[in-house]
Amino acid sequence: QLQLVESGGGLVQSGGSLRLSCAASGFTLDYYTIGWFRQAPGKEREGVSCISSGDGSTNYADSVKGRFTISRDNAKNTVYLQMNSLKPEDTAVYYCAARISCNSNLILGSWGQGTQVTVSS
């Protein structure tokens, strides 16, 4: 089945940067559309960014547009989320998952443990 492992989270000051990794095993990642999601304390899980398996197009939530960049390295079977100019409101557990498309909330596989991102002021 689809297995994705998130890593790269940590504690960073406001304005700092982190790069999250989403590593795939058991399947070829470039066949799938991959999304990053996050869940902040007391909040619902929300989509952050998505990269399509088709044309490679990307999209971003308005709250992170211009600060976050999603990319993939097929040789490493990994999707990345580069996060710059981090704000305290970016604090959340970040998850990656395969999606039917960037326009669908349907998820393939199961949620993992995610990786914690904490941004201090």
Side-chain angles (χ1 to χ4, degrees):
Q1 58 181 6
L2 274 63
Q3 298 182 26
L4 297 171
V5 178
E6 304 94 340
S7 63
L11 175 64
V12 65
Q13 287 188 322
S14 181
S17 298
L18 287 171
R19 188 179 73 165
L20 306 184
S21 297
C22 175
S25 63
F27 67 99
T28 301
L29 184 145
D30 67 345
Y31 291 168
Y32 293 91
T33 293
I34 302 295
W36 282 99
F37 303 80
R38 68 186 182 187
Q39 188 165 24
K43 305 290 186 179
E44 298 291 328
R45 199 195 315 262
E46 64 176 350
V48 175
S49 185
C50 183
I51 184 164
S52 174
S53 66
D55 60 6
S57 62
T58 60
N59 63 32
Y60 302 89
D62 288 342
S63 59
V64 308
K65 195 170 299 180
R67 300 187 296 119
F68 290 12
T69 303
I70 190 170
S71 63
R72 66 168 78 226
D73 185 336
N74 291 332
K76 296 181 178 179
N77 217 24
T78 300
V79 167
Y80 301 99
L81 185 67
Q82 178 68 46
M83 306 186 296
N84 298 325
S85 302
L86 283 162
K87 305 174 180 179
E89 51 262 45
D90 295 319
T91 295
V93 178
Y94 284 71
Y95 304 87
C96 63
R99 301 174 64 161
I100 298 297
S101 76
C102 288
N103 295 319
S104 172
N105 288 322
L106 293 176
I107 302 300
L108 302 176
S110 301
W111 297 109
Q113 294 301 304
T115 186
Q116 176 71 51
V117 171
T118 303
V119 184
S120 66
S121 59

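Residue numbers count from 1 along this sequence. Every heavy atom of this structure was used, including side-chain atoms; hydrogens, water molecules and symmetry mates were not.
Between L18 and Q82, the closest side-chain pair of non-hydrogen atoms is not below 4.5 Å. Between L20 and V117 the shortest side-chain heavy-atom distance falls below 4.5 Å.
Contact detail for S21 and T78: the closest heavy-atom pair is CB-CG2, 4.1 Å. Taking all atoms of both residues into account, the shortest heavy-atom contact from G47 to A61 is O-CB, 3.6 Å.
The backbone N or O of Y60 lies less than 3.5 Å from no partner atom in the side chain of S49, so there is not a single donor-acceptor pair. Side-chain N or O atoms of N59 include none that pairs as donor or acceptor with a backbone N or O of N103 at under 3.5 Å. Side-chain atoms of S52 come within 3.5 Å of backbone N or O of G54 as a donor-acceptor pair. Distance alone, capped at 3.5 Å, is enough to place a donor-acceptor pair between the T115 side chain and the G9 backbone.
How far CE of M83 is from CD1 of I70: 12.0 Å, rounded to the nearest 0.5 Å. Rounded to the nearest 0.5 angstrom, C50 SG and I34 CD1 are separated by 8.5 Å. Rounded to the nearest 0.5 angstrom, C22 SG and E6 CD are separated by 6.0 Å. Atom CG of L4 sits about 7.0 Å away from atom CG of L29, to the nearest 0.5 Å.
Taking the centre and axis of the six-membered ring of F37, the NZ or CZ atom of R45 falls outside the cone set by 45° and 6.0 Å.
Under the 4.5 Å side-chain heavy-atom criterion for ILVMFWY residues, no single connected hydrophobic cluster contains both L11 and L81. The hydrophobic cluster containing L106 also contains V79, counting ILVMFWY residues as joined when their side-chain heavy atoms lie under 4.5 angstrom apart, directly or transitively. V48 and Y80 fall into different hydrophobic clusters, where Ile, Leu, Val, Met, Phe, Trp and Tyr are joined by side-chain heavy atoms under 4.5 Å apart, directly or via other members. Residues I51 and I100 share a hydrophobic cluster, clusters being chains of Ile/Leu/Val/Met/Phe/Trp/Tyr side chains in contact below 4.5 Å. A chain of hydrophobic side-chain contacts below 4.5 Å, direct or via other Ile, Leu, Val, Met, Phe, Trp or Tyr residues, connects L108 to W36.
Checking D30 against T28 by side-chain atom types alone, no donor-acceptor pair falls below 3.5 Å.
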Got a list of side-chain donor-acceptor pairs under 3.5 Å for residues 86-96, not counting sequence neighbours?
{"from": "D90", "atom 1": "OD1", "to": "R38", "atom 2": "NH1", "distance (Å)": "2.9"}
{"from": "D90", "atom 1": "OD1", "to": "R67", "atom 2": "NH2", "distance (Å)": "3.0"}
{"from": "D90", "atom 1": "OD2", "to": "R67", "atom 2": "NH1", "distance (Å)": "2.7"}
{"from": "D90", "atom 1": "OD2", "to": "R67", "atom 2": "NH2", "distance (Å)": "3.4"}
{"from": "D90", "atom 1": "OD2", "to": "K87", "atom 2": "N", "distance (Å)": "2.8"}
{"from": "T91", "atom 1": "OG1", "to": "P88", "atom 2": "O", "distance (Å)": "2.9"}
{"from": "T91", "atom 1": "OG1", "to": "V119", "atom 2": "N", "distance (Å)": "2.9"}
{"from": "T91", "atom 1": "OG1", "to": "V119", "atom 2": "O", "distance (Å)": "3.4"}
{"from": "Y94", "atom 1": "OH", "to": "R38", "atom 2": "NH1", "distance (Å)": "2.9"}
{"from": "Y94", "atom 1": "OH", "to": "D90", "atom 2": "O", "distance (Å)": "2.7"}

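Annotation: salt bridge (Lys or Arg N to Asp or Glu O under 4.0 Å) contacts involving residues 71-83, sequence neighbours excluded, are absent.
Scanning for salt bridge (charged side-chain N to carboxylate O under 4.0 Å, His left out) contacts around K43 gives an empty result, with sequence neighbours left out.
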